[in-house]
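Below, read A as the first sequence line, B as the second, and so on, with proteins coming before strands; counting in each chain starts at 1. Values reported hereafter were calculated over all heavy atoms of this structure, with side chains retained and with hydrogens, waters and symmetry mates removed.
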There are 2 protein chains.
Amino acid sequence: MSKKEDILKAATLLFATNGFKETSMTEVATMTNAASATIFYHFKSKEALFLSVLNSVKDGIIEEFSHYFDEKKFSTGLEMLEGTVSFYLYLAGNKAEWFLLLHRYYPYELAKKNNTCRQSLEDIYNCFVDIFEKALVQGQADGSIGKLSQRKTALLILSTVDGMVRFKNCNLYDAGALYNELIAVIRRIAAT
Amino acid sequence: MSKKEDILKAATLLFATNGFKETSMTEVATMTNAASATIFYHFKSKEALFLSVLNSVKDGIIEEFSHYFDEKKFSTGLEMLEGTVSFYLYLAGNKAEWFLLLHRYYPYELAKKNNTCRQSLEDIYNCFVDIFEKALVQGQADGSIGKLSQRKTALLILSTVDGMVRFKNCNLYDAGALYNELIAVIRRIAAT
DNA sequence: AATATAACTGATTAATCAGTCAGTATAGTT
DNA sequence: AACTATACTGACTGATTAATCAGTTATATT
């Protein structure tokens with residue numbers, strides 16, 4: 001792995017676990033056994049480093065979901081919906097840094113004044129909502145899911161699942177302990 | 001209003017809109033027409049100021065919900081559930097600073113090492129979950145809500161509503177535009 | 001009016017941090 | 001070997017920041 005990739009990885013972890021302002025370029029440098037000037041050689045500013053981090057997280061998320069749906073095939077829309085929820089929770093555990101980063105406020109603040117940031121965030125959330133929506137559309141077509149507003153319900157399901165992950169990341173409640181009830185709620189929402 | 005209250009109010013707004021690290025004591029001082037040393041006279045440190053802010057937010061939230069349920073009476077648990085959801089959304093708009101503060105990561109980070117902080121957050125979230133739970137219990141008793149795990153479903157409903165508010169605060173999606181679908185989803189979850 | 005307590009402030013300090021720059025090491029090409 | 005481009009670094013700077021403290025002003029109390 002190149003030094004630049006090293007820096008990106010370390011920065012992802014530090015921005016996710018400590019926050020943007022709370023992470024110093026010196027910390028990133030120390031973690032990668034580099035001089036702090038090296039970071040500025042590869043990334044023109046701290047903000048630019050953050051944008052690269054967010055972009056790589058975006059790529060990672062899209063790739064992970066893409067792989068999952070390449071391998072897995074579902075016979076009904078409801079099955080796909082439940083599978084997506086499960087995979088979302090799995091990913092939130094397996095790639096905790098990504099979701100920690102997305103559950104901080106900084107990215108959304110930066111998005112207000114930076115279009116690259118805005119675009120990365122939109123790509124990420126569209127990826128999520130699109131998949132939930134697709135499951136709902138398929139489910140309505142095959143009769144496994146009842147009549148409801150597809151896009152908006154997709155958003156609400158994302159809101160529920162993501163809210164649970166946030167609760168877990170904030171040490172408020174354990175997402176795992178709620179898994180069965182979450183699936184039960186999803187089935188009630190999808191009920192015909 | 002006393003200067004100390006002035007400072008608390010200004011700090012609430014600044015911590016909520018800009019974050020803890022991103023807010024300087026000088027800013028708080030400027031906003032309240034005081035010298036920065038005055039802030040340190042009333043609050044022994046920046047962290048102590050934050051703890052006071054969080055505690056006052058806790059008091060505010062508990063008082064607001066207490067008032068609402070004093071005035072409003074519900075004939076069924078389902079009505080109470082819908083009323084609570086509506087009031088939560090109303091409050092998130094009317095006291096946006098409170099929810100912005102709670103949607104930042106800093107409070108939960110501080111809670112890891114500070115028990116006062118932990119306690120305030122627990123009080124706030126217990127207040128939310130308790131009310132949703134009470135509505136579910138009542139609804140099951142009066143037959144307006146189906147059989148489900150009360151505490152865990154209460155948590156999931158909070159997760160959905162709070163997730164929506166967070167999406168709005170992050171400028172991702174508009175909570176208002178989802179109101180009708182949210183109520184529809186709540187009814188599906190509560191269905192007998 | 002005298003005294004005491006609380007509220008407030010200007011000036012300062014020590015530390016931290018993003019970013020710069022002049023220069024060195026490394027690797028690839030001819 | 002000479003040349004070039006890329007990768008990397010140590011030393012520095014200017015700005016910002018939380019916190020301190022000695023001292024001043026305002027408010028009550030006697």
Over 60° means perpendicular and under 30° means parallel, so classify the ring planes of B:Y88 and B:F132, tilted if in between.
-> tilted
Quick note, B:A34 side chain, CB onward, closest among C:dA18, C:dT9, D:dC8 is C:dT9
In whole angstroms, the gap separating P of D:dT17 from NZ of A:K21 amounts to 6 Å
Rounded to whole Å, CE of B:M25 lies from P of D:dA18 at a distance of 7 Å
- Item | Under 3.5 Å side-chain donor-acceptor pair for B:Q119 and B:N115 | no
Open item on the list: Please classify the nucleic acid contact of B:T23 as base, sugar-phosphate, or nothing, using heavy-atom distances under 4.0 Å.
Closed with: sugar-phosphate
Here the distance between atom P of C:dC17 and atom CD of A:E22, to the nearest Å, is 11 Å
Item to complete: Fit a plane to each ring of A:F74 and A:Y68, take the angle between them on a 0 to 90° scale, and name the class: parallel (under 30°), tilted (30 to 60°) or perpendicular (over 60°).
Response: tilted
Atom NZ of A:K4 and atom P of D:dA7 are separated, to the nearest Å, by 8 Å
A:N33 atom CG is separated from D:dA7 atom P, nearest whole Å, by 19 Å
Atom CZ of A:F50 and atom C1' of C:dA18 are separated, to the nearest Å, by 17 Å
To the nearest angstrom, the CZ-P distance between B:F43 and D:dA18 comes to 15 Å
Taking C:dA18, D:dA19, D:dT9 as options, the one with an atom nearest any side-chain atom of A:A35 is D:dT9
From the candidates D:dC8, D:dT9, C:dA18, the one with an atom nearest any side-chain atom of A:K3 is D:dC8
Side-chain atoms of B:Y41 come closest, of D:dT9, C:dT9, D:dA19, to C:dT9
B:F40 atom CZ is separated from D:dA22 atom P, nearest whole Å, by 17 Å
#### Entry: Under 3.5 Å: donor-acceptor pair, side chain of B:T153, backbone of B:Q150
no
Value for NZ (A:K9) from CD (A:E97), rounded to nearest 0.5 Å, stands at 9.0 Å
A:K46 has its side chain closest, among C:dG19, D:dC21, D:dT9, to C:dG19
Scan A:S24 against the nucleic acid and name what it touches under 4.0 Å (heavy atoms): base, sugar-phosphate only, or nothing.
sugar-phosphate
Within less than 4.0 Å of OP1 or OP2 of D:dT9, is there a side-chain N or O belonging to A:T38? yes
Open item on the list: Quick check on D:dC8: is either OP1 or OP2 less than 4.0 Å from any side-chain nitrogen or oxygen of A:H42?
Closed with: yes
